[in-house]
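Data first, discussion second: the structure below is written as structure tokens.
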Amino acid sequence: MAIKVLKFGGTSVATPEARKLSAMRVISAVQQGYSPVVVVSAIGRRGAPYATDTLLQMIREIDPDVEPDAREVDLLIACGEILSAVVFAHTLKTLGQPAQAFRGGQAGIRTDGVFGNARIMAIHPVSLLRSIEKGFVPVVCGFQGIYVPPEGGPGGELTTLGRGGSDTTAAALGAALKAESVEILTDVDGVKVADPDAVPDAATLSRITYDEVAEIAHLGARVVHPRAAEIAMSYQIPLWIKNTFSDNPGTEIVTRGELAERRLTGVAHTGQLVYLSFHLESIPDSHRTNLESRIFEMMARYDINLYMLNLSPLGTGFAVSRTQFPMVQELLDALVIPLKDGEQPIVVLMQLGNTESQAVTTQRELLASLGKIHVVPVEQTEGCTMVSLVAASQMPRPALFVSVLRTLHEAKIPVLQTADSDLSISVLVPEAECYRAVRLIHDRFEGDAGALL
Amino acid sequence: MSDSENSQFETSIPIAETAFEKRRGIRHVEIRSGYAQVHVTQLKVPISETRLDILQAVGNAEISVDFLKFTPTGVSFMVQDLVAEKTTRILENFGAMFSLAANRHIVTVHAVNMRDEQGLIADVMAHAIRSGAKLEHITDMHDRMLIVVAAEESELLRAALQELAQGKNGN
């Protein structure tokens, strides 16, 4: 039984016409002798009636001040994929191809118990195999599974897999079913060397390695989720990114051995970030590590995700997402930290931004009787984004770094911070300059992208 | 068929039961030796241009740098111990104010998708600082954090981070 997993993204199932085109691809696979297993995302993208964000809005607008329980949110947003799977299965039926819709749990997808960001622990694909044996095409809801707690409980708890969940479902099913290939069908021709919104004529890569696709996806390319790429890599499943709406051959994801040359992969961008710099020059050395530790402990306690960390003799810095920034602001501004370690206890008062807020003024007045207050200015740079140049193998540095920095410098795009890994170099730039930065870096290396370095 | 029935279903078809995704949280902590930490400070204004000139000079000498970070008055990066002297000469020729600390270790914390694991990077940082090791440099990627410390402090840091990993992973 040659199984092929076909995963259709939101736009591929958004309209009756799109669903018909997608369904025809499934039928074509059947005609070629494959046993297709379909995975679907929710219908449409942001703003569509059954898209995940629309469903979330439905519950959040009841009272924006009351956070819904993660368990309930999972039950709600999973409806988008259930609806999509049922509609798609019926579309297949109307075209003469018997099909059955399956929830993640019905497909045997077991996860851990982290609602909203569950990880697949195991798959028991019995019902899918039975369905195939009976001549049906199984249509599985992406993005969801079930968690069966150790203490049991009838049916288990429905969980969702978090960002990129449907891609992850497809790759994991491909591994569990020993599929011949997994195809991620979307509305672009494959993995582009840059975001087409920034570089409309960005080339499509015909082949890319698992490492590269995981790296470029982590850094913002939205073609396939890195978790899916990692599963496909672990199980060596041939993975393709294709366009539902075109006959373009797409991008094939291959092993490093199959594509060994040293070359640039492309330019990616991600995140709406706020960069925070803590100026710690005024803090005595004996207290500094204690203060830094307290800052990071607080960020951890409130589940704040940090990016682009930096430590220097003058202070420390990191970026946070724009969505988490209001919480960070609330936590830090006018925060008073008494530090007892060292020779002399001191009191630190955090001041967010260039101007003293009313809260800081009030705290300063209240604390005046304690003697000298050490004010730590926290410089905030809002509206930042991370732009990254990704390569297939270890980059020749600093040549590439200098080239990127000089390109941006000459275009008067300020670089606020940098980060690098084996396969990428990233720069933090103003969000307003994101597309220009992507374009400039792309143009600087055009011809190198996808080619030898 | 209900969700719970699935796991009890008898079938003749062989089932591939696999743990698909890598474990959440810290997977392991490793130490690499043989690095030197460079802090260049008090660069001439405009700092952004002087930074580039310094990096260009280092690049022209075919010295590979890692963990490049901007600081308010300069730049910091890592080079291999083997090229520490060569780097020193270049920076001296450039007339830069700098410090170069040789015999540094990189303590690497591996954790899948760690930028999306809520608070994980902050937690690692808090534990690293509390370990008592003096953290000289740091960088983060989507699947690891790299922390530079003096060679004699790397085991101290590793122990603290392994303790964190055990606490978080419940083993």
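Reminder, nothing fancy here: chain letters follow the sequence lines and each chain counts from 1. These numbers come from a predicted model, not from an experiment.
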Would you say A:Gln236 has more than 12 foreign heavy atoms packed within less than 6.0 Å of its CD?
yes
Scanning both residues in full, the closest heavy-atom pair of A:Ala300 with B:Ala122 reads N-CB, 3.5 Å
If I compare all heavy atoms of A:Val402 with all of B:Gln56, which pair ends up nearest, and what's the gap?
CG1-OE1, 3.1 Å
Would you mind telling me which of [options] has the largest number of heavy-atom pairs within less than 4.5 Å of chain B?
| options | value |
| --- | --- |
| A:Leu158, A:Ile231, A:Thr168, A:Leu416 | A:Ile231 |
| A:Ser234, A:Gly315, A:Ser426, A:Ala172 | A:Ala172 |
| A:Gln417, A:Met299, A:Glu292, A:Glu215 | A:Gln417 |

Measure B:Met114 against the heavy atoms of chain A and call it side chain, backbone, both or neither at under 4.5 Å.
neither
Check each atom of B:Asp116 against the heavy atoms of chain A and say whether the ones under 4.5 Å are side chain, backbone, both or neither.
both
Output all residues satisfying side-chain contact (heavy atoms from CB on, under 4.5 Å) with A:Ala268, sequence neighbours left out; order by chain, then residue number.
A:Ile216, A:Leu219
Any side-chain heavy-atom pair of [X] and [Y] under 4.5 Å:
| X | Y | answer |
| --- | --- | --- |
| B:His137 | A:Leu311 | no |
| A:Glu297 | B:Asp123 | no |
| B:Ile121 | A:Leu309 | yes |
| B:Asn113 | A:His218 | yes |
| B:Phe70 | A:Val415 | yes |
| A:Leu405 | B:Leu55 | yes |

Among [options], which has the most heavy-atom pairs under 4.5 Å with chain A?
| options | result |
| --- | --- |
| B:Asp143, B:Ile129, B:Val148, B:Thr139 | B:Ile129 |
| B:Met141, B:His127, B:Lys69 | B:Lys69 |
| B:Thr41, B:Thr71, B:Ile138, B:Asn60 | B:Ile138 |

Per-residue contacts, residues 43-54 of chain B versus chain A, heavy atoms under 4.5 Å
B:Ser48, B:Glu49, B:Leu52, B:Asp53
Where along residues 86-107 of chain B does a heavy atom come under 4.5 Å of chain A, listed by residue number?
none
Per-residue contact mode, [X] against chain B (heavy atom under 4.5 angstrom):
| X | value |
| --- | --- |
| A:Glu230 | side chain |
| A:Ala232 | neither |
| A:Ser321 | neither |

Where do B:Asp66 and A:Asp420 land on the side chain to side chain contact (heavy atoms under 4.5 Å, CB included) test, with the steps shown first?
CA-CA 7 Å; B:Asp66 286 303; A:Asp420 53 298; 4.1 Å; yes
Please name the residue in the list A:Ile304, A:Asp303, A:Asn117 that meets the side chain to side chain contact (heavy atoms under 4.5 Å, CB included) test with B:Gln118.
A:Asp303
Any donor-acceptor pair under 3.5 Å from A:Ser293 side chain to B:Arg130 backbone:
no
B:Glu136 side, atom CD; A:Ser312 side, atom OG - distance, nearest 0.5 Å
12.5 Å
B:Arg115: which residues meet the salt bridge (Lys or Arg N to Asp or Glu O under 4.0 Å) condition with it, sequence neighbours left out?
B:Asp140
